[in-house]
Amino acid sequence: MPDTVKLEVFRYRPEGEGAPVYETFEVPYRDEWMVLDALNHIKDHQDGTLSYRWACRMGVCGSCGMTVNGEPVLTCATYLEPFLPGPIRVEPLHGFPVIRDLVGDLEDFVEKLQRVKPWIIREEEKPTSEGEYLQTPEEMDAYKRYSMCINCMLCYAACPIYELEPGFIGPAAIALAQRYNLDSRDEGARERHEVLAEHEGVWSCTFVGECSIVCPKDVDPAGAIQRYKVDATLDFFRSLVTPGRSP
Amino acid sequence: MKSQARIPTGRISDPGYPRASNPEYTRHHPRWYRRRMPIFWWLRKLAYTKFILRELTSQPVMYVTLFLLGKMWVLSRGPEAYETFIQWLSHPALLAFHALVLAGLLFHTVTWLNLTPKALVLRVAGRKIPGWAIVGAHYGAWLGLSGAIFWILAGR
Amino acid sequence: METVHHDVLVIGGGGAGLRAAIAVAEADPRLTVGVASKVYPMRSHTVSAEGGAAAAIRPEDSLDEHAYDTISGGDWLCDQDAVEVFVQEAPEEMLRLEHWGCPWSRNPDGRIATRPFGGMKLERTWYAADKTGFHLLHTLYQTSLRFPSISFHDEWFVVDLLVDEGRCHGAVAIELASGKIVALIARSVVLCTGGGGRVYPFTTNANIKTGDGMAFAYRAGVPLKDMEFVQYHPTGLPFTGILITEATRGEGGWLVNKGGYRYLQDYDLGTPEPGPVKRSMELGPRDRLSQAFVGEEEKGRTVTTQWGEVVHLDIRHLGEKLIDERLPFVRELCRKYQKIDPVRELIPVRPVVHYMMGGVHTDLDGATPVAGLFAAGEVACVSINGANRLGSNSLTELLVFGARAGKRAVQEAEDAPDRPPDAALTQALDLERQIHGNLLRPAEKGERVATIRDEMQASLEAHAGIYREEEGLTTARDKLRELRDRMAGVTLDDTSLTFNTELLHYLEVRNLLDVAEAVVHSALNREESRGSHQRRDFPERDDDRFLAHSLVRRSSEGEPEVELLPVTITRWEPAERVYGK
Amino acid sequence: MRRARDPFFWGLFSGGGMLTALLLPALFLVTAITAPMGWFGMTGYEEWATLAGHPLTRAGLLLVAFLAFFHAAHRFRYTLYDGLQLYHLDALISIVTYGVAAVLTVLAAALLILVV
C-alpha cells in the first residue's frame with residue numbers, strides 16, 4: 001500500500017487565468033479515506049483556495065458530487081482505494097456551468113424542480129383535526145423509490161442529453177414529479193403534465209439510462225421517465241379513439 | 001424580488017450569462033465556465049458508446065425491413081428471379097454482411113428487452129411484478145415467436 | 001452596498017427555517033419572506049436525522065406521558081410550560097407534515113406507524129424508515145416552493161445580525177457565488193441555523209454545523225442558555241462519527257462489550273430481556289448510555305480498534321427482512337462507511353457528539369430578548385430538552401417551535417418600524433469593510449484557520465466531553481482565550497471573491513470559538529452533575545443550587561458572564577430519574 | 001398540436017421497437033441466411049411464393065414495415081440531433097426522417113397490395 005496518492009484537481013479561478021487547469025496534489029493515503037477526505041486534507045494543509053462543497057459526509061445531503069476519474073460520484077462515499085496507484089482526477093460535475101474549481105451552478109435545477117410542482121396538490125384539503133390521509137404500505141410503495149432523491153445532481157451529470165440540451169427538465173426533477181403523481185394523496189398529475197409533456201419534459205430523453213446507473217439512492221429516474229412516456233402515449237392514443245378526451 | 005436576489009442562471013440562453021470569452025471581470029459578476037460538449041461526446045464513456053451503438057441499430061432495422069419487402073418483390077417476379085436472388089444471397093461477402101446486420105438486430109433486441117422493466121410497472125393483486133419477471137416474460141415471448149417463425153418458414 | 005428587503009428574514013434553510021417560512025406565508029401571504037441559507041436548503045443537517053419524530057397519537061398514550069418522559073429525560077431542567085405546549089402541538093404538526101406528503105411509515109391499515117425510542121415509555125416515534133429527517137426536510141422544502149411569497153437566497157452566508165438599540169433589523173450576508181456583501185433588511189428575523197457540534201472533532205454533525213446563529217445572537221448581546229449540555233449519542237461509527245440511529249435499539253438491538261455482555265445492566269439501567277423494553281437497558285436515555293460507555297472503557301471492557309475504543313451494537317438477531325424494511329439506511333451506512341454488513345456482523349460504535357440542548361434564550365414563541373429576533377430549532381433553547389434531549393424530540397421540536405416562531409414573527413413584522421435606523425446600515429458597511437478590506441487583502445503568511453479549529457476541537461474533546469472537571473475546563477477556557485487572540489494572526493490563502501470557502505470557514509471558526517467559549521464557561525459555572533453535564537468533582541445533582549438554567553452573555557469587556565435563571569415547574573416535582581424499573 | 005407530436009411519434013417508435021425486437025432477428029435469419037444456404041426446409045420457390053401470397057402475410061408485413069420505418073426514423077432523428085448536435089437542423093431532420101418513413105410505408109403498401 002502506498003504512503004501517498006496524487007490527485008489531479010480541476011482548478012478554475014474566474015478571477016485569475018482564463019482557462020481551467022489541472023493541479024496535482026500529493027496527499028497521504030489511508031485505507032479508510034474517501035476522496036473527500038483527501039480534498040479536505042489539501043484544503044486544510046496545502047492550499048486553502050481549493051473550493052468545493054460538502055456537508056454531511058454520510059451520503060445523504062447531496063452536496064459533494066464531483067467527477068472522479070470520469071464518473072459522477074458522491075466524494076464522501078467514494079474510497080481512494082479502488083483508484084490506486086492513481087493519479088486520481090477530480091473534476092466538477094459535467095453539465096453545470098463551473099462557478100469555481102469543483103463548484104457547479106445548480107440554480108437551473110432549483111428552477112426546474114419548482115416548475116414540476118413537487119408538492120401535494122389537492123382540490124380539497126382535509127383539516128388536520130380529521131387525522132391523516134390513509135395510505136397503505138402498498139400505496140406508499142408505488143412512489144417510495146422516487147421519494148429517495150437527495151438532489152445530488154449525479155443523474156444530471158451523467159445525462160448527455162442535459163449537457164447537450166440544457167433546457168431538458170432532467171432526471172431528478174421528473175422523478176420527483178412522478179413521486180407526487182404516484183402518491184395516493186395527490187391530485188395534481190394534470191398540472192404537472194403541462195410541464196412534463198413539453199418537448200423539454202420527458203420527450204427530450206432518449207433513454208441513455210446512465211442516470212439510474214449513477215444514482216446513489218437507487219431512485220431510477222430513467223424508469224420514471226419511460227413510465228411517464230408510456231402513460232402519456234397511451235393517454236394520447238386513447239384520446240384519439242375516445243372523442244371529448246384531451247390528452 | 002426573486003430575480004433581483006438571485007444570481008443569473010448561468011444558462012447560455014440567458015442574456016445575462018457572462019461569456020467565458022468575456023475578458024472583463026466585473027467585481028460582482030463572476031464568469032462561469034461552461035465546458036463544451038465535444039462532437040464525439042459518445043466516445044467519452046463506454047456507456048455512451050454503447051448507447052450510440054444501440055441507437056444506430058435503427059439502420060439494421062431499416063435495412064432488414066427493406067430486405068423483407070425486396071424479397072416479396074422478388075417472389076412476385078417468378079422462379080428465375082428468385083433463383084438469381086438466392087444465388088446472390090449466397091455470396092460469402094453478402095453473407096458476412098448479413099451476419100453483421102443480424103448482430104445489429106440482436107443488439108437491438110437484447111437492449112430493447114432488457115429495458116422493458118423500466119417502462120412497464122405491472123401489479124397483480126397489489127403486488128409489484130419484479131423486473132426480472134418482466135424481462136423474462138419478454139425473452140420468453142421472443143423465443144416463442146422466433147420458434148414459431150422458424151417452424152412456419154423453415155420447419156417443414 | 002446592495003440592500004434587499006423582506007418583511008421576515010429566516011436565517012437557515014433546515015427544518016425549523018422552512019417550517020417558519022411556511023408559517024409566515026400561510027399566516028399572511030402579503031408578507032415577503034426571505035430564506036438565507038449558507039447551503040441549498042436540502043443540504044441542511046435536518047437531512048441526516050434518522051430515527052423519527054415523537055408525538056403522542058396512540059390511544060393508550062397521553063400528552064402527560066410524553067411530557068413526563070421528556071421532563072425526566074431532561075433531568076428536570078426542562079421548562080415544564082414549554083414542554084406542555086410542545087407535546088400538545090406535536091401531533092397536529094406531525095399530521096400537517098403528513099398532509100404535505102411526508103412518507104411516514106404506515107401500518108397495514110394505512111394509519112401512521114410508531115416505534116419505541118430511548119427514554120420513552122410508549123411507542124410514540126413516527127418514522128419514515130430510518131431516513132426520517134431526510135423525508136421531513138425534503139417534504140418541507142418541496143412544500144415551501146409552493147408559496148410565491150417565499151424567496152430563497154441559497155448559498156448566502158450570514159455574517160452577523162444588524163441590531164440597534166435592542167431591535168434586530170436584519171443581517172449582513174455574503175453571496176458566495178459572487179462574494180458580494182448584501183444587507184438583508186427585515187422587520188423580523190428568525191434564526192434557524194442549527195447547533196454547533198463542530199466545536200468538537202468527533203461528531204455526527206455535518207461540516208456546516210458551526211453554531212453560526214448562536215454566535216450571532218451571543219455577539220448581539222442575547223444570552224445563550226444551558227450551553228454546557230452537549231449530548232453524546234451512544235452509537236456513532238468510529239473514525240467517521242456517522243450516526244447509527246437509536247431506532248436500531250428501538251427495534252431490539254443490543255449493546256455488548258468485549259465479552260459479548262450487555263453491560264448496561266451494570267449501570268442501573270435495568271435487566272436484560274431478549275426484546276426491547278421501554279425506558280430500560282438499550283432504551284435508556286442517551287446521556288446515561290454514553291456515560292456507561294466511559295465506565296466500560298475505564299474497566300477495560302471495551303474493544304480496541306485502529307480507531308480507538310468501541311463497544312458493539314448487535315442487530316443480527318433482528319433478521320435481514322426487518323433490517324431492510326425499517327433500518328435500510330443503517331445497513332447502507334455500515335456497508336459503505338464501515339465495510340461491514342450488520343445483518344451478519346457486529347457494528348462497532350462509540351459515543352459521539354450529537355446535539356446541543358442549549359442555545360439562544362427564547363420564550364415559548366421563540367422570541368429572544370432582542371425585539372424582532374426569534375430563534376427555533378437546535379439553535380434555540382426554549383427549553384424543552386433540559387439537561388438531556390430524548391431521541392425523536394428534536395424533529396418534532398423544530399416543527400412545533402419553527403411554526404410558533406414564524407407566526408410570532410408575523411405579528412412582530414406588523415409592528416416593526418418602516419425603515420431601519422442609519423446605525424444598522426453603518427454596521428453593515430463596517431462589516432463589508434472588514435471582510436473585503438481586511439480579510440481578503442493579500443497578506444504575509446500567518447496561521448491557517450484549520451490549525452485554530454483543530455486546536456479548539458481537541459481542547460473541547462479533552463476537557464468538555466462526557467465527564468468534566470474544573471482543572472480541565474480552566475485549561476480549555478485559557479486555550480480558547482489564546483485561540484481568540486491568535487485568530488487575529490490568521491491569514492487566508494484565498495483572496496478571491498468567487499465562492500471563497502476559506503473565507504466562509506474563517507467566519508465559521510470565529511463563530512465556533514464563541515460557541516465553545518459559551519460551552520466552557522457555562523460548564524465551569526455549573527458545579528453539579530445533571531443529565532449530559534457530568535462533573536467528576538461534583539458528581540451529584542444539586543437541586544438547591546442548580547435547578548436553574550445557565551444564561552451566558554458577553555459583558556461589555558468582552559468576557560462571558562454566567563447567571564442562573566430558575567426552571568419553570570408546573571406539575572412535575574423534581575425527582576430521581578429511574579430507568580429499567 | 002405540438003403537444004400531440006411527441007407522443008404520436010414516440011408511440012410509433014416504441015411499438016416498432018417492440019415488434020422489430022421480437023420478430024426481425026428470426027425473420028432475417030431465415031430469409032437471408034438459412035434459406036439461401038439451404039440449411040433447413042422450405043427453400044423452394046413454390047412454398048415461399050404460396051406463403052408470400054397469403055393475405056395475412058402481406059397485412060402482417062405491412063404493419064411491421066410501417067412501425068419499423070417509423071421506429072428507425074425516430075431513432076435516427078435523435079441520433080443526428082443529439083449525436084451530432086444538429087439542433088438547429090431539427091425541423092429539417094424531422095421532415096426528412098419521418099418523410100422517408102412515410103414514403104417508404106406508402107411504397108410498401110403499394111408493393112404488398114398491388115404487386116405481390
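The shown structure was predicted, so the numbers you read here are calculated from the model rather than taken from an experiment. Quick note on labels: first sequence line is chain A, next is B, and so on, each numbered from 1.
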| request: Quick one: which of B/Val101, B/Leu94, B/Leu75, B/Thr116 has the most heavy-atom pairs under 4.5 Å with chain D, could you say? | output: B/Leu75

| query | Among D/Val64, D/Val30, D/Thr57, who wins on heavy-atom pairs under 4.5 Å with chain B? | reply | D/Val30

| request: Heavy-atom pairs under 4.5 Å with chain B are the metric here; pick the option from D/Ala73, D/Ala32, D/Ala49 that has the most. | output: D/Ala32

| query | With a 4.5 angstrom heavy-atom cut-off, which part of B/Gln87 approaches chain D: side chain, backbone, both or neither? | reply | neither

| said: Run D/Thr97 and D/His74 through side chain to side chain donor-acceptor pair (under 3.5 Å) and show every step you take. | reply: CA-CA 7 Å; D/Thr97 50; D/His74 186 80; over 6 Å; no

| field | Candidate pair D/Arg77 and D/Tyr98, rule side chain to side chain donor-acceptor pair (under 3.5 Å), full reasoning | value | CA-CA 8 Å; D/Arg77 173 186 157 210; D/Tyr98 296 131; 2.9 Å; yes

| message | Quick check on B/Leu69 against chain D: is it the side chain, the backbone, both or neither that has a heavy atom closer than 4.5 Å? | response | both

| Is any side-chain heavy atom of B/Thr65 less than 4.5 Å from a side-chain heavy atom of D/Leu104? | no

| query | In terms of heavy-atom pairs under 4.5 Å, which option from D/Ala68, D/Pro25, D/Ala65, D/Ala101 contacts chain B the most? | reply | D/Pro25

| Interface moiety of D/Leu24 toward chain B, non-hydrogen atoms closer than 4.5 Å | both

| request: Would you mind telling me which of B/Pro60, B/Gly78, B/Ser146, B/Ala141 has the largest number of heavy-atom pairs within less than 4.5 Å of chain D? | output: B/Gly78

| query | Hey, what do you get for OH (D/Tyr81) to OG (D/Ser94), rounding to the nearest 0.5 Å? | reply | 8.5 Å

| said: I need the D/Ile95 CD1 to D/Leu89 CG distance, nearest 0.5 Å. | reply: 11.0 Å

| query | Is it the backbone or the side chain of B/Ile39 that comes under 4.5 Å from a heavy atom of chain D, or both, or neither? | reply | both

| request: Report the distance from atom CD of B/Glu80 to atom CZ of B/Phe85, rounding to the nearest 0.5 Å. | output: 15.5 Å

| field | Partner chain B: residue of D/Ser14, D/Gly16, D/Ala21 with the largest heavy-atom pair count (under 4.5 Å) | value | D/Ala21

| Contacting region of B/Leu102 [heavy-atom separation from chain D under 4.5 Å] | both

| query | Looking at D/Thr79, D/Thr31, D/Leu23, which has the largest count of heavy-atom pairs under 4.5 Å with chain B? | reply | D/Thr31

| query | Non-hydrogen atoms of chain D under 4.5 Å away: do they reach the side chain of B/Phe107, the backbone, both or neither? | reply | neither

| remark: Heaviest contributor of heavy-atom pairs below 4.5 Å to chain D, chosen from B/Val110, B/Val74, B/Leu68, B/Leu106, is B/Leu68

| remark: Rounded to the nearest 0.5 angstrom, the CG-NZ distance for B/Leu89 and B/Lys71 is 6.5 Å

| request: Count the heavy atoms belonging to other residues, nucleotides or ligands that lie under 6.0 Å from OH of D/Tyr87, then report whether that count exceeds 12. | output: yes

| field | Any donor-acceptor pair under 3.5 Å from D/Gln85 side chain to B/Pro38 backbone | value | yes

| said: Could you check whether any side-chain heavy atom of B/Arg54 comes within less than 4.5 Å of a side-chain heavy atom of B/Leu115, counting everything from C-beta outward? | reply: yes

| Which portion of D/Leu107 sits near chain B, non-hydrogen atoms under 4.5 angstrom | neither

| query | So which part of D/Phe66 gets closer than 4.5 Å to some heavy atom of chain B, the side chain, the backbone, both or neither? | reply | neither

| query | Quick one: does NZ or CZ of B/Lys50 land under 6.0 Å from the six-membered ring centre of B/Trp42, within 45 degrees of the ring axis? | reply | no

| request: Please state whether the side chain, the backbone, both or neither of B/Thr111 comes within less than 4.5 Å of a heavy atom of chain D. | output: neither

